[in-house]
Amino acid sequence: MIRELFPSVGIEIEPATSIANERRDPPSNRPWVMTNMITTLDGAIEVDGRSGQLGGPADLEVFRALRSVADVIIVGAATAIAEDYKPPPIDPAVAELRRTRGQSPRPTIAVVTRSLDIDPSLGLFGAVDHRPLILTVEDAPSHRRATLETVADVLTAGSRDVELSIGLGLLRGLGHRVALVEGGPSLNGQFIADDLIDEWNLTLSPLLIGGRSTRPAHGPMPGATGRWNLTRLWQGDDLLLGSWRRPAANGADAR
């Protein structure tokens with residue numbers, strides 16, 4: 001059972017319905033960008049290289065609910081490989097709701113990689129009805145591009161480094177209005193540095209594990225980004241599940 005702590009108190013929540021009913025108005029030049037990460041009480045985001053041991057049923061519900069409203073899921077290549085990404089499963093009920101909103105039955109995975117060092121035999125590329133996207137650079141090795149173009153649509157978003165603003169513009173041009181960024185930390189840090197996040201979803205897991213795990217985001221310091229607004233806080237399975245939005249990200253003023 002998931003209960004709301006803010007803005008109301010004690011109301012039982014159905015994440016799929018609540019998240020689908022939230023307003024997300026993308027700017028004209030890119031999708032609305034939201035994240036979803038989980039961290040322990042001491043800030044770790046993984047155990048033995050993976051995040052699955054940190055969550056629980058409540059976190060999984062929110063994970064699925066956020067994916068259900070996204071047109072595209074953006075992930076760094078290292079995370080896609082470490083977490084063994086596959087095409088998102090299709091739930092018939094969710095797929096029907098997505099169709100009523102003018103969306104495809106499931107979101108598309110978009111992998112960000114400068115080197116294109118991805119094995120085309122990975123499970124991500126295994127479904128005949130799901131062709132992933134790859135955001136890369138002009139300088140990427142041509143032989144790797146040619147190989148991956150047999151299993152994915154490869155888009156160029158920059159010359160030497162992937163420029164996320166260009167990549168998001170390309171995704172918007174393909175009709176993607178809502179993007180979900182699932183990490184890893186370097187990619188999240190780049191989105192923060194480029195000031196391209198509208199909605200930050202974070203689950204706090206009731207664990208202390210120590211170790212040397214990294215934060216949910218790291219990279220260039222962008223300077224002060226201003227205080228973000230807490231829009232919801234839920235509790236379930238001893239997890240705290242929160243969402244924050246930039247002050248200008250509640251309507252048409254979103255960047």
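In this chain, numbering begins with 1 at the start of the sequence shown.
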Asks: Is the backbone N or O of T231 less than 3.5 Å from a side-chain atom of S243, with the two atoms forming a donor-acceptor pair by type?
Replies: no
Asks: Side chain of R246, backbone of D198: donor and acceptor closer than 3.5 Å?
Replies: no
Asks: Below 4.5 Å, heavy atoms only, C-beta onward: do R67 and N36 meet side chain to side chain?
Replies: no
Asks: Could you check if a side-chain atom of R30 sits within less than 4.5 angstrom of a side-chain atom of L164, using non-hydrogen atoms only?
Replies: no
Asks: If you define the side chain from C-beta out and look only at heavy atoms, does anything of I2 sit under 4.5 Å from P15?
Replies: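 Sidechains of P15 and I2: in contact.
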Asks: Could you go through the side-chain contact (heavy atoms from CB on, under 4.5 Å) check for I197 and W228 one step at a time?
Replies: CA-CA 11 Å; I197 296 175; W228 283 46; 3.7 Å; yes
Asks: What is the minimum heavy-atom distance between A140 and R145, and which atoms define it?
Replies: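 Reported closest heavy-atom pair: CB-NH2, 4.5 Å.
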Asks: To the nearest 0.5 Å, how far apart are CD1 in I134 and CG in L148?
Replies: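 Rounded to the nearest 0.5 Å, the CD1-CG separation comes to 4.5 Å.
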Asks: Give the C-alpha distance, both sets of side-chain angles, the deciding distance and a yes or no for side-chain contact (heavy atoms from CB on, under 4.5 Å) between L230 and F6.
Replies: CA-CA 8 Å; L230 176 65; F6 179 85; 3.8 Å; yes
Asks: Is the side chain of D91 donor-acceptor paired with the backbone N or O of A93 at a distance under 3.5 Å, no angle test?
Replies: yes
Asks: Minimum heavy-atom separation for L155 and L133, please, with both atom names.
Replies: CD1-CD2, 4.4 Å
Asks: What do the steps show when you test E22 against R232 for side-chain contact (heavy atoms from CB on, under 4.5 Å), and what is the final call?
Replies: CA-CA 11 Å; E22 292 172 345; R232 56 173 153 80; 2.6 Å; yes
Asks: So, using side chain to side chain donor-acceptor pair (under 3.5 Å) as the criterion, who are the partners of D117 when residues are at least two apart?
Replies: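 For D117 there are no side chain to side chain donor-acceptor pair (under 3.5 Å) partners, ignoring immediate neighbours.
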Asks: Just by modelled atom types, is the K86 backbone N or O under 3.5 Å from a matching donor or acceptor in the H130 side chain?
Replies: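 No, H130 side chain to K86 backbone: no donor-acceptor pair under 3.5 Å.
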Asks: Taking ILVMFWY side chains as joined if any heavy atoms are under 4.5 angstrom apart, and letting links pass through other members, which residues group with L97?
Replies: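 Result for L97 is none, singleton.
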Asks: Would you find more than 12 non-hydrogen atoms of other residues, nucleotides or ligands less than 6.0 Å from R215 atom CZ?
Replies: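 No.
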Asks: Once rounded to the nearest 0.5 Å, what's the spacing between atom CD1 of I19 and atom CG of N201?
Replies: 6.5 Å
Asks: Minimum heavy-atom separation for R101 to A20, with atom names?
Replies: NH1-CB, 4.1 Å
Asks: Does L208 share a hydrophobic cluster with L202, counting links as ILVMFWY side-chain heavy atoms below 4.5 Å and allowing steps through other members?
Replies: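 Yes, L208 connects to L202 through the hydrophobic network.
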Asks: Does any non-hydrogen side-chain atom of R24 lie less than 4.5 Å from one of R245?
Replies: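 R245 reaches R24 side chain to side chain.
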Asks: Can you find a heavy atom in the side chain of V181 that is under 4.5 Å from one in the side chain of L196?
Replies: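 Not touching, per the 4.5 Å side-chain cut-off.
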Asks: Working to the nearest 0.5 Å, report the span between CD of Q235 and CG of L241.
Replies: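 That separation rounds to 8.5 Å.
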Asks: Heavy atoms only: give me the nearest I45-P185 pair and the separation to one decimal.
Replies: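 Heavy-atom minimum between the residues: CD1-CG, 3.3 Å.
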Asks: Only one of R98, R172, Q103 forms a side chain to side chain donor-acceptor pair (under 3.5 Å) with D71, so which one is it?
Replies: Q103
Asks: Kindly compute the distance separating CG (L54) from OG1 (T39), expressed to the nearest 0.5 Å.
Replies: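 That separation rounds to 7.5 Å.
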Asks: Applying the 4.5 Å side-chain criterion to the ILVMFWY set and letting contacts propagate, would I90 and F125 be lumped into a single cluster?
Replies: no
Asks: Taking atom CG of D238 as the centre, report whether more than 12 heavy atoms of other residues, nucleotides or ligands fall under 6.0 Å from it.
Replies: no
Asks: I need the minimum non-hydrogen distance between P31 and H176, along with the two atoms involved.
Replies: CG-O, 3.4 Å
Asks: Are there over 12 heavy-atom neighbours, none belonging to R64, within less than 6.0 Å of that residue's CZ?
Replies: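 Check fails, neighbour count at 12 or below.
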Asks: Looking only at heavy atoms, what is the nearest atom pair of L170 and A157, with distance?
Replies: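 Smallest interatomic distance, heavy atoms only, reads CD1-CB, 4.3 Å.
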Asks: Counting neighbours of CZ on R114 that are heavy atoms of other residues, nucleotides or ligands and sit closer than 6.0 Å, is the number greater than 12?
Replies: no
Asks: Within the structure provided, determine whether Y85 and V111 are in side-chain contact (heavy-atom separation under 4.5 Å).
Replies: no
Asks: Atom OG in S165, atom CG in D195: separation rounded to 0.5 Å?
Replies: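 Going from the OG atom of S165 to the CG atom of D195 covers 11.5 Å.
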Asks: Same cluster for V178 and V94 if Ile/Leu/Val/Met/Phe/Trp/Tyr side chains link at under 4.5 Å?
Replies: no
Asks: For R131 and D153, run side-chain contact (heavy atoms from CB on, under 4.5 Å): C-alpha distance rounded to whole Å, both residues' side-chain angles, the deciding distance at 0.1 Å, then the answer.
Replies: CA-CA 7 Å; R131 188 171 175 85; D153 292 331; 2.7 Å; yes
Asks: Roughly how far, to the nearest 0.5 Å, is the OG1 atom of T147 from the CD1 atom of I118?
Replies: 11.5 Å
Asks: Heavy-atom distance under 4.5 Å between the side chains of I192 and W200, does that happen here?
Replies: yes
Asks: State which residue, out of D237, D59, L240, fulfils the side-chain contact (heavy atoms from CB on, under 4.5 Å) condition with T203.
Replies: D59
Asks: Which Ile, Leu, Val, Met, Phe, Trp or Tyr residues join L60 in one cluster when any pair of side-chain heavy atoms under 4.5 Å counts as a link?
Replies: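 Grouped by the 4.5 Å side-chain rule, F63 form the rest of the cluster around L60.
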Asks: Check whether any side-chain heavy atom of V33 sits under 4.5 Å from a side-chain heavy atom of I74, and report yes or no.
Replies: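 No, every pair of side-chain atoms sits at 4.5 Å or beyond.
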